[in-house]
Amino acid sequence: MDNLTRRRLATRAVHSGLRPSQGDFVSTVVPIYQSSTFSYRRLQDLDGVFAGTRSGYVYARYGNPTVAALEGAIALLEEGEAALAFASGMAAIHAALLAIGARAGSAIVAAQDIYGATYTLLAELLSSQGVQVRFVDINDLDAVSLACSELRPVALIAESISNPLLKIADVPALAEIAHRCNATLLVDNTFATPTLIQPLTLGADMVIHSVTKYLGGHGDVLGGAVVASSERVEALQKVLKLTGGNLGPQDAWLVLRGIRTLPLRMRQHCENALQLARWLETQDQIERVIYPGLPSHPQHALANRLFGDRGYGGMLSFELTGAGQEDVFRFFETLQLCIPATSLGDTCSLMLYPAHSSHRSLTPEARAHIGISEGLVRMSVGIEAISDLQEDLSQSLKAYRNA
Ligand code: PLP
């Protein structure tokens with residue numbers, strides 16, 4: 001290490017703080033390695049990392065120790081061999097599909113009520129590049145099977161709990177169908193999180209997360225991740241190195257911090273959502289409540305089989321009786337505690353209007369086809385006191401009709 005005190009000011013300004021001594025202590029939390037490049041005392045080692053003959057870090061687009069710590073944590077949660085972090089959930093989905101082989105002449109079969117941006121990525125961007133995409137009702141296993149045998153897709157993609165209709169994917173059955181046709185099964189586990197289900201242990205090949213949601217958990221970060229076998233993650237890393245949708249170290253550190261309370265938070269999200277869903281079902285102003293924990297949910301038995309006693313998630317949807325866009329807007333404006341905002345998985349309760357946000361890019365016909373009506377509201381139930389949430393919804397359900 002150079003003795004900087006003998007250097008000129010311009011040199012000191014540039015070199016001070018670089019390569020600090022680690023001393024004889026160990027930090028208990030992984031540091032934020034806010035560095036875009038990494039150096040080695042012996043150039044041979046740097047060369048070895050570039051060549052892949054030894055592990056290490058050379059450049060942040062190829063890897064970063066803080067981000068690697070997050071990747072290790074997510075792989076551990078999902079019981080996967082390896083994981084790769086991305087700048088957003090959408091960057092993760094796009095890279096995963098590219099790595100699997102989505103290109104002109106290939107095909108993809110997808111759940112029809114998948115997250116709006118994923119739907120549009122498939123229906124417009126990838127379709128325009130020559131990928132044949134077919135959307136199917138993921139709970140109609142015969143239709144999924146038929147689509148897979150007709151198209152021989154490279155990928156079958158579904159959400160373990162779908163957005164915003166909260167359909168449950170029968171992961172073991174989908175894995176069997178996908179593998180019969182040599183397709184890779186991708187499961188977006190953002191809504192359920194590994195506290196409810198670990199799709200890789202049930203036959204899925206790749207798990208995707210928008211870590212923006214429950215894994216981060218505090219509404220202050222954007223990120224994504226893919227978990228899979230080491231071999232698949234290696235192929236994915238080649239895509240990431242070229243496309244560069246990397247997660248930054250500060251964001252990775254925030255998600256790592258969020259993960260530490262994930263099981264605790266999820267327990268409360270699930271408990272609040274179940275109580276609220278049961279209460280909403282008794283309200284006159286509500287046409288129907290969609291929540292996997294309710295016996296009225298079409299896949300309630302499947303949810304019990306897949307999730308055991310771990311809960312049904314923190315997301316619920318409901319339809320305001322006879323409501324159109326103006327009614328929903330008034331309902332949102334009369335809320336005093338729940339926040340009308342997009343995204344989910346935050347500690348506070350968020351209310352979203354799918355027709356105008358997550359599924360805005362779909363035509364009204366496409367929305368109607370998959371069951372997203374003009375009166376549908378999606379709620380990400382937070383971890384507030386349940387009595388306060390109930391009180392807020394109760395006053396808003398009364399107030400919006402009189403506003
Ligand atoms: N998957 C699901 C189920 C989502 O709800 C979202 C975003 O809402 C995404 C993927 C995309 O994640 P991001 O917004 O982090 O790109």
Side-chain angles (χ1 to χ4, degrees), residues 67 70 74 78 83-98 108 110-123 125-126 135 138 155 157-169 171 186-194 196-197 199 204 206-227 240 243-248 251-252 254-255 258-259 266 269 290 292 313-317 339-346 350-362 370 372 376-381:
V67 179
L70 171 67
I74 297 177
E78 286 288 2
L84 205 59
F86 291 84
S88 70
M90 288 315 302
I93 293 170
H94 184 218
L97 291 172
L98 284 186
I108 294 174
Q112 65 186 13
D113 67 330
I114 206 152
Y115 170 57
T118 311
Y119 185 98
T120 311
L121 171 78
L122 293 165
L125 190 64
L126 292 180
F135 294 101
I138 209 69
I157 178 165
E159 292 164 358
S160 46
I161 302 180
S162 79
N163 179 6
L165 297 170
L166 311 173
K167 289 186 180 177
I168 309 294
V171 178
L186 285 89
V187 176
D188 183 330
N189 204 26
T190 299
F191 273 34
T193 85
L196 297 191
I197 184 172
M206 279 184 156
V207 163
I208 294 164
H209 278 282
S210 165
V211 304
T212 315
K213 312 300 189 304
Y214 288 106
L215 268 55
H218 295 75
D220 50 14
V221 68
L222 190 75
V226 179
V227 195
L240 180 62
T243 53
N246 300 70
L247 186 69
D251 290 339
L254 282 171
V255 179
I259 283 177
M266 280 307 288
H269 285 298
I290 309 172
M315 302 299 298
L316 61 83
S317 295
I339 304 171
T342 190
S343 202
L344 62 118
D346 203 336
L350 300 172
M351 206 72 84
L352 171 130
Y353 186 32
H356 279 242
S357 48
S358 61
H359 289 70
R360 192 186 182 100
S361 56
L362 272 65
I370 61 178
I372 297 176
L376 188 79
V377 171
R378 189 194 79 182
M379 181 173 181
S380 169
V381 182

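Each ligand, and each atom within it, is numbered from 1 in the order the structure gives. Predicted, not measured: the structure shown is a model, and the values here were computed from it. Only this structure's heavy atoms are used, side chains among them; waters, hydrogens and symmetry mates stay out.
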Legend entry - Distance, nearest 0.5 Å, that separates CE of Met351 from CZ of Arg378: 11.0 Å
Inset, instruction - Take Glu159 and Ile138 through the test side-chain contact (heavy atoms from CB on, under 4.5 Å) and record every step on the way to the result. - result: CA-CA 9 Å; Glu159 292 164 358; Ile138 209 69; over 6 Å; no
Closest heavy-atom pair and its distance - [X], [Y]:
{"X": "Ala92", "Y": "Ile208", "result": "CB-CG2, 4.4 Å"}
{"X": "Ala96", "Y": "Leu186", "result": "CB-CD2, 3.9 Å"}
{"X": "Pro354", "Y": "Val377", "result": "CD-CA, 4.3 Å"}

Inset, instruction - If a pair satisfies side chain to side chain donor-acceptor pair (under 3.5 Å) and one of its residues is in residues 211-227, list it, with sequence neighbours excluded. - result: Ser210-Thr212, Ser210-Lys213
Every pair of nitrogen or oxygen atoms between ligand 1 and the protein that is under 3.5 angstrom apart - can you list them with their distances to 0.1 Å?
from: ligand 1; atom 1: 1 (N); to: Asp188; atom 2: OD2; distance (Å): 2.6
from: ligand 1; atom 1: 5 (O); to: Asn163; atom 2: ND2; distance (Å): 3.2
from: ligand 1; atom 1: 8 (O); to: Lys213; atom 2: NZ; distance (Å): 2.9
from: ligand 1; atom 1: 12 (O); to: Ser210; atom 2: OG; distance (Å): 3.0
from: ligand 1; atom 1: 15 (O); to: Gly89; atom 2: N; distance (Å): 2.9
from: ligand 1; atom 1: 15 (O); to: Ser210; atom 2: OG; distance (Å): 2.8
from: ligand 1; atom 1: 15 (O); to: Thr212; atom 2: OG1; distance (Å): 2.7
from: ligand 1; atom 1: 16 (O); to: Gly89; atom 2: N; distance (Å): 3.0
from: ligand 1; atom 1: 16 (O); to: Met90; atom 2: N; distance (Å): 2.9

